[in-house]
Amino acid sequence: MGETNEPRRTERLPEWLVEGLLRLGESAIALIVGLAIGAIIMYVTGYDAWLAYKSLFGNSFLDSYGFTITLSYAAPIMLTGITFAVGVRAGLFNIGAEGQLYMGALGAVIVGWLAWRIGILDSVLGVLVAYTFGVLLAITWAYIAAILKVKRGVHEVVSTIMLNWIAFWIVEYFRVYLIYNPSDPSKTISMPPHARLPLLVPDTELSAALIVAIAFTLYTYYLLWYTVTGYELRASGLNPLAARYAGIKPEKAMITSFIVGGIASGLAGAGEVLGRPPHYAITTGLSNLYGLGFDGITVALIGANHPVGIIFSAILVGALKAGSRYMQIAAGVPLEMVRVVEGIIIVALAVPGTLRMVREYLRRRRELAELEKR
Amino acid sequence: MRDIVKIYPDGTIALRGVSLDIYPGEVLGLLGENGAGKTTLMKILSGFLRPTRGYIVLRGRRVVFRSAADALSHGIGMVHQHLALVPVFTGFENIVLGLRAKGDLRKLVEELMEETGLRVRLDVPVEQLSFGERQRIEILRMLLRRVDVLILDEPTTNLTPLETRVLFNALRKLRDSGKSIIFITHKLREVMEIADRIVVMRRGKVVGELPREKAEPRLLARLMVGREVFLRIEKPPSTPGKPVLKVIDLWVRSDIGGWAVRGVSFEVRAGEIFGIAGVEGNGQAELVQAITGLRRAEKGKVIFGDKDITNMSPSELYRLGIAHIPEDRQTMGLVLDMSVSENSILGMHRWRKFLGALGSLRWREINRHAERIIKEYDVVAPSIRSPVRYLSGGNQQKLLAGRELSKNPRLIVAAQPTRGLDVAATEYIRKLLVDLRTKGHAVLLVSADTDEVLQLSDRVAVMYNGRFTAITRPEELTEEKLGLLMGGMEAGTLGRD
């Protein structure tokens, strides 16, 4: 047989690298396919696909101002991507990032409202308090879904969708009646000038929120693979039965996952208020927040639910968001068509990750069914 | 059915060339232990599985079933052990599900209930019905589709005696109306009561076929168990010491609510293997789960050393020195998508030596631990970082056993430890258990493989219907006695330990 007891650890590349490269290649192919389909559609409908793409990527990656916009868009969706990914790791389909992000932003604005009255908060301290309060509100929001799931068996998809809307209207209520901006009632009060995140590049929208986002994303990587909490969380997500056998309570792992996800979304929401010029506020209809939570699902799927992958996929999706308006301006592609092409690219990018998840889900179902048959 | 061979994709050979004739107007009893191939054979007949080789001739014509629905349209229907009904639908809805309405279905169903005596409440959601009623619904479903061959897989497992009586009466009526009934079971008494003809299977082959008049429980038991030892394990003498585990009058519920374990008492001593034999589904799994903290014991006590450990959590039990090799390594014992290293600490992952500051994992220590297990227990793995999924079944089991033994336990609970393993791995694991016992550990072995239990154990209990029908020394169990005990026939004369 020739097999030895020594594990074979030869000159081959380390597995994580091979795995990573495979994923990268997978995403690259998906990107090319998505671009190609988008190009065909634009060609058929009579637009210059080449010019459109040139302006899309030229203005999101190659142009330095454009690139700061890309990065500033990447920050919040990186965090909401983490919310979804940490959920998946614990076997959950947590799509509550949207609502938790609203609550995070609300928390920050409330602290901003206070800071106009309490002078000491108009400082770095205010930023910290705003982040903390925003995160606390977001955790509360996530925790409701967690408790409903663990204690009452309410599926998280149902509860988080409902909670998203509840959060939306709560924040709207606050915006209209309680913390509105006296001089411009279409938005909430802004953070006072000293209680804002510093800009990384002057005269752009790129603030230190990006650093917070990357730091927390890397922290979740550490949490998942280098702590016992993460170990238990992943074990529960991959095989709840084995987790129970190992003395792990999958319910506890789920709650942890919801809380970590809540922190991420809370940071995202608060970061948008604390670090996005010119408003430093929540605008009417939550228009500056709307969709950032759901974009996180895309980001997580493209990034294979892995924090490192999510950093890159957030930048890619951020670039699409940043560059798409130039498709309109430079190539004359109407906004609707821009959205179509953007959608196609995103769907194509998400296909490998989604397939993997579906395959995984079906496999687990099959294994459970096998078990039942015995 | 002619020369049916079935080899599962994972290489397990379930059927080794089986031929079977089925006649109208008879009840055929299909008897055998676990893994004899009864269910596989019937799944092939009912279109759920396709044979690897061999064919089916139906009314003189060779047929190939592409699906269960296909077989059903040919008049062959099977009622599985685990019923497949829609819980929120009523009985009636479940019965007619998928049928295109032709005439008054309601009336048809009611007539059918009248004719067969299989009565159910038609307008109550199935989830509120008893198991017996649900089973009757499945049978009515089949009958409404005018099956000529009705296959029942262990139909009495979850029935009360009264429900069993009702079922048997209905089956007789159906037989008299010309239908063929195939009754899969391991219960000797039932097969003697209901079958007209009995076919005994063992290890994927038909080993006996006889009309009921010629059948006799002792003969059937011998055929069913019939020992062919192909592995011999050296078993040095051992002198059992003090009891390590004491189980006193333990009662445990099954998933569906009834009693799975009905007052079991025994003890396992240091330096002995205590084996529990029996056909699966007689409460062994629930017993093991109750001892290892995975299922609540409703009544009774479990004592480990002199500590009462009844209903303690698994992690507490591991710390106290109990190891558990669970019956299903892939769904319970391992996380297949985690690496060898990660799996090597499953259940011990909160032990101090693997933890650094603030709950961080000490990977160096964990990897060393994994390397040690790999080396000591001959695990062939591409690397300690590769997912356990890519290991062969035997290597998975060695890793699992190695991990459990690295807990340095005083008691090892091993459930079906060699199921699905090849000969070499089986031998390895069996030797391991014997070595442990010789070194003075206590081993509780639960296995549906009677050879395994008899060969390895120093004392054996036979479990049937939630109770021990005997506790004895393996030498005292002849094939016949064992078969009778496993089939639920009290042997009477067997002494208790």
Side-chain angles (χ1 to χ4, degrees), chain A residues 1-10 12-19 88-89 91 219 222-250 252-253 256 305 356 359-360 363-374, chain B residues 34 39 43 80-82 280-281 285 289 292-294 313-319 324 326-340 342-343 345-350 354-356 358-363 366 370-371 374-387:
Chain A
M1 300 268 274
E3 280 165 325
T4 55
N5 300 338
E6 280 298 305
R8 268 179 287 134
R9 242 173 316 142
T10 44
R12 282 184 302 147
L13 289 167
E15 260 156 76
W16 60 266
L17 189 60
V18 174
E19 185 84 346
V88 171
R89 294 282 172 188
Y219 167 72
Y222 173 80
L223 180 79
L224 285 172
W225 277 279
Y226 290 89
T227 70
V228 71
T229 312
Y231 177 89
E232 295 190 336
L233 191 151
R234 286 183 301 121
S236 307
L238 289 167
N239 186 344
L241 215 61
R244 232 177 263 284
Y245 155 84
I248 300 166
K249 290 197 175 70
K252 214 181 106 191
T256 309
N305 294 315
R356 230 191 330 267
R359 231 179 6 231
E360 183 71 4
R363 209 203 66 231
R364 252 180 258 169
R365 289 255 319 239
R366 208 169 44 238
E367 280 174 3
L368 281 180
E370 282 294 315
L371 188 69
E372 303 242 303
K373 263 188 250 153
R374 295 255 175 80
Chain B
N34 294 110
T39 303
K43 279 187 176 165
H80 293 265
Q81 223 172 329
H82 296 274
E280 255 179 283
Q289 287 165 4
T292 53
L294 293 168
S313 75
S315 22
E316 285 173 297
L317 296 176
Y318 298 145
R319 275 173 207 278
H324 178 197
E327 89 175 27
D328 201 309
R329 59 183 161 271
Q330 299 205 331
T331 48
M332 192 179 261
L334 299 166
V335 182
L336 292 182
D337 291 304
M338 280 185 150
S339 70
V340 173
E342 287 172 312
N343 273 287
I345 55 161
L346 191 68
M348 319 158 73
H349 54 275
R350 282 193 179 270
F354 299 126
L355 288 190
L358 297 173
S360 61
L361 291 170
R362 291 171 64 187
W363 275 113
I366 294 167
E371 302 267 12
I374 282 182
K375 212 165 163 183
E376 203 171 321
Y377 296 93
D378 265 331
V379 184
V380 180
S383 104
I384 53 169
R385 287 176 181 276
S386 44

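Residue numbers begin at 1 in each chain, while the letters A, B, ... track the order of the sequences.
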**Q** Of the non-hydrogen atoms in Trp225(A) and Trp363(B), which two are nearest, and what is the gap between them?
**A** O-NE1, 2.9 Å
**Q** Nearest heavy-atom pair of Thr331(B) and Leu241(A): which atoms, and what distance?
**A** O-CB, 3.3 Å
**Q** What are the two closest non-hydrogen atoms of Asn239(A) and Gln330(B), and how far apart are they?
**A**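 Distance-wise, the nearest heavy atoms are ND2-O, 3.6 Å.
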**Q** Between CG of Leu238(A) and CG of Leu336(B), what distance do you get to the nearest 0.5 Å?
**A**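 The CG atom of Leu336(B) is 9.5 Å from CG of Leu238(A), to the nearest 0.5 Å.
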**Q** Measure Phe354(B) against the heavy atoms of chain A and call it side chain, backbone, both or neither at under 4.5 Å.
**A**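 For Phe354(B), neither part sits under 4.5 Å from chain A.
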**Q** Side chain, backbone, both or neither: which part of Ile345(B) has a heavy atom under 4.5 Å from chain A?
**A** both
**Q** Heavy-atom distances under 4.5 Å only: say whether Leu294(B) touches chain A with side chain, backbone, both or neither.
**A**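 The side chain, not the backbone.
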**Q** Applying side-chain contact (heavy atoms from CB on, under 4.5 Å) to Tyr231(A) and Arg350(B), what does each step give before you reach the verdict?
**A** CA-CA 10 Å; Tyr231(A) 177 89; Arg350(B) 282 193 179 270; over 6 Å; no
**Q** Are the side chain of Tyr245(A) and the backbone N or O of His324(B) linked by a donor-acceptor pair below 3.5 Å?
**A**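 Judged by distance alone, yes, a pair lies under 3.5 Å.
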**Q** Please classify the contact of Leu223(A) with chain B as side chain, backbone, both or neither, using a heavy-atom distance under 4.5 Å.
**A** neither
**Q** Would you name the heavy atoms of Ala246(A) and His349(B) that are closest together and state the gap between them?
**A** O-CE1, 3.6 Å
